[in-house]
Amino acid sequence: MTDPIMHTYGRLPVAFAKGEGCWLWDEDGQRYFDAISGVAVCNLGHAHPAVAKAVAEQAATLVHTSNLYRIPLQEQLAAELVRLAGMDRAFFCNSGAEANEAAIKLARLHGHRNGIHQPTIVVAQGAFHGRTMATLTATGNARVQQGFEPLVQGFIRVPYNDLETLERIAAADPNVVAVLVEPVQGEGGVRVPEPGYLGALRQLCNQMGWLMMVDEVQTGIGRTGRWFACQHEGVVPDVMTLAKGLGNGFPIGACLASGIAADVFTPGNHATTFGGSPLACSAALAVLRTIEHDQLTERAAHLGSRLLEGLVDRLGQTAGVETVRGHGLMVGIVLDRPCGELVGRALKRGLLLNVTAERVVRLLPPLVMSDAEADFLADQVASLLHDFLTEKEAA
Ligand SMILES: *Cc1c(COP(=O)(O)O)cnc(C)c1O
């Protein structure tokens, strides 16, 4: 027993010592382009000066007091987020899974208050919502659930991007209280639904009195070219969950609610020791101010199209590449074969990327990339894939 870390990850053999913008340096001084941003977390790149300054100053002033007292920075952050989302209230926690737990509890309580004693939440195939018991149950991936049965009750699953099944459930199941979906499935393989899906879902939820709950943990905070991905369709959900990019690496999650959903929780229903501390909120406020000041949502939209077009130009006609798809700076390249080994091959070339759903190369680069860096990334990825696919053809 020489390894003191629990074996929850198969880690790559590299450790990073420092970062700046889109770049990381390992312990030997080797430089890497970070096209995954710590999985959609460091949207402002590494060591962003505004976030570093906010965290350092707040750490030297006041780190934590608990939610037993008013926290003015939390009030400010909540006001900013509900303004940006067009919603009403926020609950702060420390991760995406916790934000979704809050959403699930909120939906169940809402159901019970309305006389539904077996409240059911509709979730999608291919979804990812986290690794706690309720959120891994909501997740649509058998590998995440295997070995952790019995799962939590009260979820039913429908195909993603499919309204007909939902309409059938609407006609048949009186226990449904909410639908929980990602605007783009990230872990599920950068699956972008048909235009109109979220708008139609909003209408169905209105019709049925269901809460529309949108998991924007990966898509939110500017990544898709709007503050929140559901805004591309002019949709305001009843509940929205956030985490990843919100603190640019400082752990913070949020569950936003609007309308009736904003009044569901009352004192005693839900709580957190660490959530929404002055330190976490100072980091998130610096993130929001930087995105607004530097117009990074617009940059994400611009860079996303540039990267997508660059990849389509370079890979569109390549045998073995099925599709290149994306939404803003969430980009997936779907191959016709499993390609997990690309992560290690890319690392050797000084490029950090991710493979999800077995054969989808996923890129989630920082929103602070330059145009030249976006072109560099397209070149690097195209060259990596050309080599991988032609070697495999020859073999
Ligand atoms: C990463 C992710 C989560 C889980 O967030 P954690 O902070 O790891 O708990 C939930 N939903 C989506 C869509 C995610 O991408």
Side-chain angles (χ1 to χ4, degrees), residues 6 8-9 11 36-43 85 91-107 121-141 143-145 148 152 155 157 160-161 178-193 197-198 201 212-224 227-230 237 239-256 272 274-276 280 283-284 287 326-332 353-357 360 362-365:
M6 274 203 202
T8 57
Y9 279 86
R11 293 173 201 270
I36 192 73
S37 307
V39 197
V41 167
C42 297
N43 287 0
F91 170 82
F92 292 103
C93 51
N94 311 285
S95 69
E98 274 183 67
N100 286 328
E101 284 279 345
I104 291 163
K105 284 182 67 178
L106 188 157
I121 299 171
V122 181
V123 290
Q125 288 171 7
F128 184 80
H129 297 299
R131 298 284 198 150
T132 62
M133 282 310 304
T135 59
L136 77 81
T137 302
T139 289
N141 178 345
R143 278 197 306 197
V144 170
Q145 299 171 338
F148 301 109
V152 174
F155 292 93
R157 197 167 302 285
Y160 188 58
N161 191 26
V179 180
L180 173 63
V181 288
E182 294 155 272
V184 176
Q185 289 189 333
E187 307 298 314
V190 193
R191 291 182 60 201
V192 186
Y197 174 63
L198 292 175
L201 194 57
M212 178 178 185
M213 309 206 296
V214 175
D215 179 344
E216 295 246 16
V217 168
Q218 190 162 151
T219 51
I221 318 295
R223 178 146 294 275
T224 70
W227 277 100
F228 310 105
C230 58
V239 175
M240 180 195 287
T241 55
L242 300 170
K244 294 203 163 100
L246 182 54
N248 208 54
F250 198 97
I252 178 167
C255 176
L256 309 187
T272 166
F274 291 126
V287 168
H327 199 9
L329 281 178
M330 284 180 89
V331 174
L353 48 69
N354 172 254
V355 168
T356 186
V360 183
R362 179 170 52 158
L363 306 176
L364 298 162

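Each ligand, and each atom within it, is numbered from 1 in the order the structure gives. Values below: all heavy atoms of this structure, side chains included; hydrogens, waters and symmetry mates excluded.
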Heavy atoms from other residues, nucleotides or ligands near CZ of Phe274 exceed 12 (cutoff 6.0 Å): no

Which residue and non-hydrogen atom of the protein lie closest to atom 2 (C) of ligand 1, and at what distance in Å? Lys244 NZ, 2.5 Å

Just distances here: any N/O of Glu98 and N/O of ligand 1 closer than 3.5 Å? no

Option nearest atom 11 (N) of ligand 1 (shortest heavy-atom distance, choices Leu364, Asp215, Thr241): Asp215

What do we get for Thr135 next to ligand 1 when only non-hydrogen atoms under 4.0 Å count, side chain, backbone, both or neither? neither

Would a distance-only check, ignoring hydrogens and angles, find a side-chain to backbone donor-acceptor pair under 3.5 Å from Thr241 to Ala99? no

Donor-acceptor pair between Asn161 and Arg191 side chains, under 3.5 angstrom: no

Look at atom 9 (O) of ligand 1 and say which protein heavy atom is nearest, naming residue and atom and giving the distance to 0.1 Å. Ala97 N, 2.8 Å

Please report the C-alpha distance between Thr272 and Phe91 in whole Å, then the side-chain angles of each, then the deciding distance to 0.1 Å, and finally whether the side chain to side chain contact (heavy atoms under 4.5 Å, CB included) criterion is met. CA-CA 10 Å; Thr272 166; Phe91 170 82; 3.6 Å; yes

In terms of side-chain heavy atoms, does Asn100 have a donor or acceptor partner in Asp215 at a distance below 3.5 Å? yes

Protein heavy atom at shortest distance from atom 7 (O) of ligand 1: Gly96 N, 2.8 Å

What's the spacing between Phe128 CZ and Gln185 CD if we round to 0.5 Å? 12.0 Å

State whether the shortest distance between N or O atoms of Val217 and N or O atoms of ligand 1 falls below 3.5 angstrom. no

Distance under 4.0 Å to a non-hydrogen atom of Gln218: what atoms of ligand 1 satisfy this? 15 (O)

Quick check on contacts: which atoms of ligand 1 are under 4.0 angstrom from a heavy atom of Ser95? 7 (O), 9 (O)

Under 4.0 Å from atom 5 (O) of ligand 1, do we find at least one protein heavy atom? yes

Backbone N/O of Thr137 and side chain of Gln145: donor-acceptor pair under 3.5 Å: yes

Contacts of Tyr160 that satisfy ring-ring contact (aromatic ring centres under 6.0 Å, His included) - sequence neighbours left out: Tyr197

Near Asn100, which atoms of ligand 1 are under 4.0 Å from a heavy atom of that residue? 10 (C), 11 (N)

Heavy-atom distances under 4.0 Å decide this one: backbone, side chain, both or neither, for Glu182 against ligand 1? side chain

